[in-house]
Amino acid sequence: MNLQQTLELQVKAAIKALFQAELQSVEFQATRKEFTGDITIVVFPMLRVVKGNPVVIGEQVGQYLLDNVDDVLGFNVVKGFLNIEISDRYYHSFFQSINNTLNYGFLEANDDKAVMVEYSSPNTNKPLHLGHVRNVLLGYSVAEIIKASGKKVYKTQIINDRGIHICKSMLAWQRFGNEETPESTGLKGDKLVGNYYVKFDKAYKIEIAQLIAQGLSEDEAKKKAPILLAAQEMLIKWEAGDEAVVSLWKEMNGWVYKGFEETYKNIGVDFDKYYYESDTYLLGKEFVSEGLKTGVFIQKEDGSVWCDLTDDGLDEKIVLRSDGTAVYMTQDIGTAIQRIKDYPDVGGMVYTVGNEQDYHFKVLFLILKKLGFDWAKHLFHLSYGMVDLPSGKMKSREGIVVDADDLIQEMADTAEEISKELGKLEDYSEDEKKALYKTIGLGALKYYILKVDPKKRILFDPKESIDFQGNTGPFIQYTYARIQSILRKADVSRNLSLNTADLILHEKEKQLLKQLENFPEIIQNAAAQHSPALIANYTYDLVKDFNSFYQNVSILGADSALEKAFRVALSQTVGQTIKNAFKMLGIEVPERM
RNA sequence: GGUCGCAUAGCUCAGCUGGAUAGAGCACCUGCCUUCUAAGCAGGCGGUCCUAGGUUCGAAUCCUAGUGCGAUCACCA
């Protein structure tokens with residue numbers, strides 16, 4: 001039982017003993033630093049069950065706690081706030097309980113239901129850009145957080161491998177490609193294919209202009225441009241299983257997958273299972289006809305199938321075209337069901353997809369509920385805001401993007417520049433340095449993206465580089481590296497069943513222990529709210545507290561061997577906690593920097 | 001137009017289920033490297049928490065209306 005739980009019971013007992021009243025809950029907050037005390041109980045809410053002056057009630061409850069709880073050493077009441085002083089002994093025993101655990105805060109899987117987290121889910125006609133980076137980082141991190149909170153997690157994605165977009169790249173490649181391959185050009189496959197997507201768009205625009213010059217309206221021109229018609233024809237051939245088209249499709253998708261793998265590896269994320277739309281849309285169709293029988297869907301005269309959601313405050317939504325072909329929704333229904341078939345232990349899913357699809361997922365979840373799947377109650381759309389450039393939206397078609405691989409490289413280059421200026425790594429080999437620059441650069445990028453609320457849109461200005469100072473990834477990595485440096489220098493043995501109970505805690509030490517105590521709860525909150533930002537902000541607070549401790553208290557120069565051992569152990573635990581927290585964000589920590 | 005989201009310091013953002021005088025970082029200004037890594041620490045400057053009502057002992061937080069920005073409302077994905 002932790003301190004807060006103990007106090008809660010005792011406060012309730014106090015209210016019962018003093019006023020014969022039942023308190024539902026007790027409100028706690030950290031004591032503000034201008035007051036004395038370690039934890040504060042807010043008296044105001046008690047006024048609902050106990051009539052009287054909050055200060056007087058606070059005094060009485062405070063006295064009761066002083067008399068009945070060993071670890072309460074004193075109290076004071078300011079207005080309606082009861083500030084409690086806690087003994088050092090309590091904090092020492094807390095520290096003993098976590099001192100030798102490497103995975104403090106993490107729970108083993110303790111739920112027989114697993115969670116499937118989907119992220120990335122790119123189209124296969126262009127390389128990954130900054131928008132995908134936000135998606136991938138968020139999804140990966142949320143998966144790690146849920147795992148740490150005590151659930152089994154499967155990471156997955158759905159690859160949008162079919163459709164007109166890939167035909168456009170294929171067509172442009174056929175026309176302008178001169179048999180280029182990733183091998184012949186040395187280009188990453190996704191980049192090569194992406195270039196042809198851009199080439200298609202250029203040719204398309206020229207044709208549109210020509211048609212308009214011939215007197216067609218813009219709308220007509222857009223529909224009748226020959227190159228677009230050719231792409232549409234190709235799609236029809238693909239769906240008919242035309243051998244030449246399908247084999248080109250396979251080849252070019254293969255190039256793209258290889259390129260994606262490289263980028264994922266570069267970013268440091270992975271997946272347990274891939275799904276392809278070309279595999280799951282048929283299952284979706286099956287369940288649409290199933291739902292048609294049970295009345296979940298209705299068929300219109302032209303043969304199209306719809307789901308009537310007007311009773312739920314939404315519109316009618318199409319789930320099958322009049323020609324019987326699948327739409328986006330059909331595929332997603334199929335994919336969800338396929339996943340549960342493959343992983344029967346999955347009890348819920350998280351979809352990491354941009355907020356422009358809020359409506360789509362609202363509808364999808366509702367339809368799955370109507371189809372009667374009980375896991376449909378536990379679907380969550382992890383919706384996030386767009387990443388915009390100062391010039392506006394990123395447009396792959398026009399080549400206006402911040403490419404993921406380039407961005408990572410630039411971050412590493414910046415880390416290298418800063419490192420060289422500081423010149424602390426003379427004895428590192430070139431390979432070690434390179435790895436470190438990447439760790440730092442990626443750390444800066446990941447932290448920058450994950451520390452903000454996913455719902456907010458990000459305006460990314462490539463000219464204003466991401467910071468390496470202040471509330472940043474490198475700042476936290478630096479603190480970790482400093483701690484490792486101390487541990488290397490400390491000649492105290494690590495295995496500490498230290499008897500520190502009699503040591504008087506320095507204010508900074510106590511602050512660190514209080515902060516450490518919050519970690520498990522932060523993980524649970526972050527998992528419940530699907531919020532890496534909570535982990536990022538917690539880590540920042542912890543690190544600030546540590547730096548203040550480090551700068552104000554001598555660790556290796558402590559007065560006694562015991563005190564030194566305690567401070568080293570405390571530093572080590574803080575370091576481990578930073579490492580654990582950053583693991584959930586997918587950020588590595590360096591031994592030196 | 002309907003629906004959804006966002007709005008806090010010059011800039012980027014925290015602020016948990018309503019609680020004390022709204023917090024960080026960047027930028028700007030002071031100090032601190034002959035002691036454990038100065039990518040740091042200590043401090044200063046900086047606020048109409050978009051506006052107006054309401055609920056409450058108490059509102060940045062909850063409710064209503066409005067303003068601004070974004071998204072969405074396809075037999076596209």
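Quick note on labels: first sequence line is chain A, next is B, and so on, each numbered from 1.
Counting distance only, with no hydrogens placed and no angle test, the side-chain atoms of A/S419 and the base atoms of B/A39 include a donor-acceptor pair under 3.5 Å.
Taking OG1 from A/T124 and CG from A/D190, the interatomic distance works out to 10.5 Å, rounded to the nearest 0.5 Å. Here the straight-line distance linking atom CD of A/E301 with atom OG of A/S322 works out to 12.5 Å at 0.5 Å rounding. One distance of note links CD1 of A/I449 with CD1 of A/I466; it measures 6.5 Å at 0.5 Å rounding.
Close to B/G25, at under 4.0 Å from its OP1 or OP2, lies a side-chain N or O of A/K544. A sub-4.0 Å separation between OP1 or OP2 of B/A42 and a side-chain N or O of A/S548 is present. For A/R162, no side-chain nitrogen or oxygen approaches OP1 or OP2 of B/A77 to under 4.0 Å. Residue A/R482 places at least one side-chain N or O under 4.0 Å from the OP1 or OP2 atom of B/A38. The phosphate of B/A39 (OP1 or OP2) has no side-chain N or O of A/R592 nearer than 4.0 angstrom. Contact between the side-chain N/O atoms of A/N355 and the OP1/OP2 oxygens of B/A71 is not found at any separation under 4.0 Å.
Across the protein-nucleic acid pair, A/F475 atom CZ and B/U37 atom P stand 16 Å apart, rounded to whole Å. Nucleotide B/A74 holds its C1' atom 12 Å from the NZ atom of A/K223, rounded to whole Å. Atom C1' of nucleotide B/G40 and atom OH of A/Y540 are separated by 11 Å, given to the nearest angstrom. Computed from coordinates, the A/Q551 CD to B/C41 P distance equals 7 Å when rounded to whole Å. Atom P of nucleotide B/G70 and atom CE of A/M386 are separated by 14 Å, given to the nearest angstrom. Note: CD (A/E316) to P (B/U3) measures 19 Å, nearest angstrom. Atoms CD (A/Q157) and C1' (B/A77) sit 16 Å apart, rounded to a whole Å. Taking atom CZ on A/R488 and atom C1' on B/C36, their separation rounds to 11 Å, with Å as the unit.
Straight-line distance between the C1' atoms of B/U12 and B/G47: roughly 16 Å, to the nearest whole Å. The gap from the C1' atom of B/U56 to that of B/G10 amounts to 35 Å, rounded to the nearest Å. Between B/U30 and B/U67, the two P atoms lie 47 Å apart (nearest whole Å). Only the P atoms considered, B/G53 is 24 Å distant from B/C69, to the nearest whole Å. Atom name P, nucleotides B/C50 and B/C16: the rounded distance is 14 Å, in whole Å. B/C63 sits 27 Å from B/U21 when the C1' atoms are compared, rounded to a whole Å. Across the C1' atoms, B/U48 and B/A38 are found 39 Å apart, a figure rounded to whole Å. Only the P atoms considered, B/A22 is 13 Å distant from B/A59, to the nearest whole Å.
Of the candidate nucleotides B/C36, B/C41, B/A77, B/C36 has the atom nearest to the side chain of A/K489. In the set B/C36, B/A77, B/C4, B/A77 carries the atom at the smallest distance from any side-chain atom of A/V327.
Residues passing the ring pair (Phe, Tyr, Trp, His ring centres under 6.0 Å) test with A/F35: none are found, sequence neighbours excluded. For A/R457, the salt bridge (charged side-chain N to carboxylate O under 4.0 Å, His left out) criterion is met by A/D388, not counting sequence neighbours. Residues satisfying the ring pair (Phe, Tyr, Trp, His ring centres under 6.0 Å) test with A/Y204, not counting sequence neighbours, are A/F200. Remark: A/E421 pairs with no residue by the salt bridge (charged side-chain N to carboxylate O under 4.0 Å, His left out) rule, at least two apart or across chains. Partners of A/E59 according to the salt bridge (charged side-chain N to carboxylate O under 4.0 Å, His left out) rule, which considers only residues two or more places apart in sequence or in another chain, do not exist here. For the salt bridge (charged side-chain N to carboxylate O under 4.0 Å, His left out) test, no residue two or more places apart in sequence or in another chain qualifies with A/E277. Evaluation of the ring pair (Phe, Tyr, Trp, His ring centres under 6.0 Å) rule for A/H165 yields no partner, not counting sequence neighbours. Annotation: side-chain hydrogen bond (donor to acceptor under 3.5 Å, both in side chains) contacts of A/T352 (sequence neighbours excluded): none.
Contact annotation for A/S485: base contact, defined as any heavy-atom pair under 4.0 Å involving a base atom. When heavy atoms are screened at a 4.0 angstrom cut-off, A/Y328 is found touching base atoms of the nucleic acid. At the heavy-atom level, A/V305 lies nowhere under 4.0 Å from the strands shown. Residue contacts for A/I440: at a heavy-atom cut-off of 4.0 Å it reaches a base atom on one of the strands shown. Across all strands, A/I555 comes closer than 4.0 Å to base atoms (heavy-atom distances). Contact annotation for A/K424: base contact, defined as any heavy-atom pair under 4.0 Å involving a base atom. Within 4.0 Å of A/M593, counting heavy atoms only, lies at least one base atom of the nucleic acid.
With a 3.5 Å limit on both pairing distances and Watson-Crick or G-U wobble geometry required, the stems of 3 or more pairs in RNA chain B span B:1-7 with B:67-73, B:10-13 with B:23-26, B:28-32 with B:40-44, B:50-54 with B:62-66.
Of all heavy-atom pairs spanning A/I578 and A/I476, the tightest one is CG2-CG2, 3.7 Å.
Within the structure, the salt bridge (charged side-chain N to carboxylate O under 4.0 Å, His left out) test picks out no pair touching residues 520-538 of chain A (sequence neighbours left out).
For A/F475 and A/Y540, the gap between ring centers is short of 6.0 Å.
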| field | Contact pattern, 5' to 3', of nucleotides 11-23 of chain B - B, S or - by protein heavy atom under 4.0 Å | value | --SS----BBS-S
Report each atom pair, protein N/O against N/O of nucleotides 33-35 of chain B, whose distance is under 3.5 angstrom.
none

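We find that A/K395 and A/D201 are not joined by a salt bridge, their nearest charged nitrogen and carboxylate oxygen being 4.0 Å or further apart.
In this entry the base of B/C33 is syn relative to its sugar, with a glycosidic angle within 90° of 0.
If you find the closest nucleotide of RNA chain B to A/D467 and to A/N123, the one lying nearer the 5' end belongs to A/D467.
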